[in-house]
Amino acid sequence: MTERFLTGITTTGTTHLGNYVGAIRPSVVASRTAGVESFFFLADYHALIKCDDPERVARSRMEIAAAWLAAGLDIERATFYRQSDVPEVTELTWLLNCVTPKGLMNRAHAYKAATDVNRAAGGELDDGVSMGLYAYPILMAADILLFKATKVPVGRDQVQHIEMARDIAQRFNHQFGRGRALLVLPEAQVDESLATLPGLDGRKMSKSYDNVIPLFAGGAKGLREGVARIVTDSRLPGEPKHTEGVALVAIHDAFATPAQREAFRADLRAGLGWGDAKERVVRLVDAELAPLRERHAELLAQPQRIEDALQAGAAKARRRCAPLIAELRDAVGLRAVRAPASSPRSAPGGGAAPATFKQFREADGRFRFKLVDGDGTLLLDSEAFDDARAAGQWVKRLKHEGPGALGDAPVALAPGVEHARVVQVLADLAALAAGAADA
Ligand code: TRP
């Protein structure tokens, strides 16, 4: 199965070095890697949980989008979008809300942190807790499950949310899957060395700790001022320095080659002063960021280019998730009204004959298949394959995985056939196949 990477950045502020190192830079690499699919998005619904300043949310969406594009995200290959441009996210959130136990959300870190503060202050436990904050992990699960992500690169603080997404997906599959894995269980991918860049005070660099170094804001000067404020100990130039667990060293390392890392440590141990060390960090980081900063400024001067990229990305994202949403709606019973039939509807004795796949060889020697409904309507046409086995394997996947395989399969809808009908037929076939396997 192809790996699918997915990650989001909450749009509540300007981007900082931690976002760049932990999310933006690795995602740019992933977007350029052949053989993996990747999804990157601006988590602007998440922003509303923490931020009630509309201007700030709007500005942040634009700046973070520009940062991602300036860093070189390959938006032809990857799918890059704003969460709120994909209404299927909120639709799936609701379906997941209905299978998620309230008790699971009681354990979420963000909620517990809020109640801990209230408890310490002697107030009502739920003071200031909105339903958005409380159910935040369900929205995040929807982000991930909607695109069948297999790998979610995140900071350590987010690992619990990925585990909750797995838990919720399992419950959903159990309840509605009739033996099929409708939702794919994701895994967190934490790069220990990078995912939690320390901030000015040594804690994780984070907007909520107010310890960030801006990525582009303030230009090269902003960077220099930021680095100057990194807390170091009071050892003087000439005195040997510790290099373990030192924020300045970790920030240096995130931009350095192995040889540069070694040299920096050796020089600090030999007495390099913190002031000179900081100057070196500024030069190193700026060498990587200066060209990006320029592109970022260009993009902000032409917001329409950003908007166009995001609109195209949203359309692509919606195409990608449409088959799954249709399948899920069907699975929970949100179906078109039709005469009741035994379930599954095309089961033997249930009335209509089941749809069938037909494989054939063309005059040019190549292989194709089609899906034909019980009433003879042509539903799907495949591409031509050189190899009969490749065609056969797609037929097998479509039969067993149902509409879940539709997004990947090299097939086209027959003219005039509605997508929803094909989804329905494939869901029935998969249910039949699962039934046959059980029997
Ligand atoms: N909650 C994440 C954060 O604050 C952002 C986010 C939202 C996310 N949805 C996601 C990250 C889905 C990974 C996958 O950092």
S.K.: Okay, side chain of Asp381, backbone of Lys370: is any donor-acceptor separation there less than 3.5 Å?
M.R.: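 It does not hold such a pair.
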S.K.: Can you list, pair by pair, the side-chain donor-acceptor contacts under 3.5 Å of residues 384-391, counting residues two or more places apart and other chains?
M.R.:
{"unit_1": "Asp386", "atom_1": "OD1", "unit_2": "Arg366", "atom_2": "NE", "d": "2.9"}
{"unit_1": "Asp386", "atom_1": "OD1", "unit_2": "Arg366", "atom_2": "NH2", "d": "3.4"}
{"unit_1": "Asp387", "atom_1": "OD1", "unit_2": "Arg389", "atom_2": "N", "d": "3.0"}

S.K.: Any chance the side chains of Arg305 and Gln302 put a donor and an acceptor closer than 3.5 Å?
M.R.: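 Distance-only check passes for Arg305 and Gln302.
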S.K.: Please tell me whether Asn211 and Asp201 have a donor and an acceptor in their side chains that are separated by less than 3.5 angstrom.
M.R.: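 Note: Asn211 and Asp201 side chains meet the donor-acceptor criterion.
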S.K.: Yes or no on salt bridge (Lys or Arg N to Asp or Glu O under 4.0 Å) for Arg59 and Glu63, after CA distance, side-chain angles and deciding distance?
M.R.: CA-CA 6 Å; Arg59 194 170 353 99; Glu63 282 184 16; 5.2 Å; no
S.K.: Tell me the side chain to side chain donor-acceptor pair (under 3.5 Å) pairs involving residues 67-77, sequence neighbours left out?
M.R.: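 Passing the test, one end in residues 67-77: Ser27-Trp68.
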S.K.: Strictly distance-based, threshold 3.5 Å: is any side-chain N or O of Ser31 a donor or acceptor partner for the main-chain N or O of Val28?
M.R.: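 Yes; judged by distance alone, with no hydrogens or angles, the pair exists.
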S.K.: Could you walk me through whether Arg280 and Asp276 satisfy the salt bridge (Lys or Arg N to Asp or Glu O under 4.0 Å) test, starting with their C-alpha distance in whole Å, then the side-chain angles of each, then the deciding distance to 0.1 Å, before giving a yes or no?
M.R.: CA-CA 6 Å; Arg280 235 154 99 174; Asp276 290 341; over 6 Å; no
S.K.: With distance as the sole test, does His242 use its side chain to make a donor-acceptor pair with the main-chain N or O of Glu244 at under 3.5 Å?
M.R.: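 No, the answer is negative, given that no donor and acceptor are paired below the 3.5 Å cut-off.
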S.K.: Start with the C-alpha distance between Ser84 and Asp44, add both sets of side-chain angles, then the distance that settles side chain to side chain donor-acceptor pair (under 3.5 Å), and finish with yes or no.
M.R.: CA-CA 6 Å; Ser84 65; Asp44 51 2; 2.7 Å; yes
S.K.: Is the count of non-hydrogen atoms from other residues, nucleotides or ligands lying under 6.0 Å from Asp210 atom CG greater than 12?
M.R.: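 Counting neighbours around CG of Asp210, 12 or fewer heavy atoms of other residues, nucleotides or ligands fall under 6.0 Å, so no.
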S.K.: Are Lys204 and Asp157 within salt-bridge range, i.e. N to O under 4.0 Å?
M.R.: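 So Lys204 pairs with Asp157 through a salt bridge.
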S.K.: What I want to find out is whether Arg4 reaches Asp408 closely enough, with some N-O distance under 4.0 Å, to be called a salt bridge.
M.R.: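 So Arg4 pairs with Asp408 through a salt bridge.
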S.K.: Using every non-hydrogen atom in the two residues, find where Ala108 and Pro137 come nearest and quote the distance to one decimal.
M.R.: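 That closest heavy-atom pairing would be CB-CG, 3.7 Å.
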S.K.: Closer than 3.5 angstrom, by distance alone: can the side chain of Arg335 be matched with the main-chain N or O of Asp330 as a donor-acceptor pair?
M.R.: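 Judged by distance alone, yes, a pair lies under 3.5 Å.
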S.K.: Can you find a heavy atom in the side chain of Phe369 that is under 4.5 Å from one in the side chain of Leu398?
M.R.: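 Yes, at least one pair of side-chain atoms sits under 4.5 Å.
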S.K.: Could you give me the CA-CA distance, side-chain angles and deciding distance for Glu327 and Arg180, then say whether salt bridge (Lys or Arg N to Asp or Glu O under 4.0 Å) is met?
M.R.: CA-CA 11 Å; Glu327 188 181 18; Arg180 285 174 299 147; 3.1 Å; yes
S.K.: State plainly whether the residues Lys241 and Asp267 are in salt-bridge range, i.e. N to O under 4.0 Å.
M.R.: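 Result for this pair is no, no salt bridge flagged.
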S.K.: Does a salt bridge link Lys112 with Asp116, judged by any charged N lying under 4.0 Å from a carboxylate O?
M.R.: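 Salt bridge between Lys112 and Asp116, a charged N being under 4.0 Å from a carboxylate O: no.
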S.K.: Is any side-chain N of the basic residue among Arg224 and Asp286 closer than 4.0 Å to the acidic one's carboxylate O?
M.R.: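 Looking at Asp286 together with Arg224, the answer is no, because their closest N to O distance does not fall below 4.0 Å.
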S.K.: Do we see a donor-acceptor contact under 3.5 Å between the side chains of Tyr134 and Asn106?
M.R.: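 Yes, because at least one side-chain N or O of Tyr134 sits under 3.5 Å from a partner of the opposite role on Asn106.
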S.K.: Can a salt bridge be assigned to the pair Glu88 and Arg318 using a cut-off of 4.0 Å between side-chain N and carboxylate O?
M.R.: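 Here Glu88 pairs with Arg318 in a salt bridge, since their nearest N and O are under 4.0 Å apart.
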S.K.: Looking at Arg82 and Glu307, is there a salt bridge between them, counting it only when a charged N and a carboxylate O are closer than 4.0 Å?
M.R.: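 Yes, this pair counts.
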S.K.: Other residues, nucleotides and ligands only: do more than 12 of their heavy atoms fall within 6.0 Å of NE2 on His419?
M.R.: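 Yes.
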S.K.: Has Glu124 got more than 12 heavy atoms of other residues, nucleotides or ligands less than 6.0 Å from its CD?
M.R.: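 No, because the 6.0 Å sphere around CD of Glu124 holds 12 heavy atoms or fewer from other groups.
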S.K.: Looking at Glu225 and Arg229, is there a salt bridge between them, counting it only when a charged N and a carboxylate O are closer than 4.0 Å?
M.R.: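 Looking at Glu225 together with Arg229, the answer is no, because their closest N to O distance does not fall below 4.0 Å.
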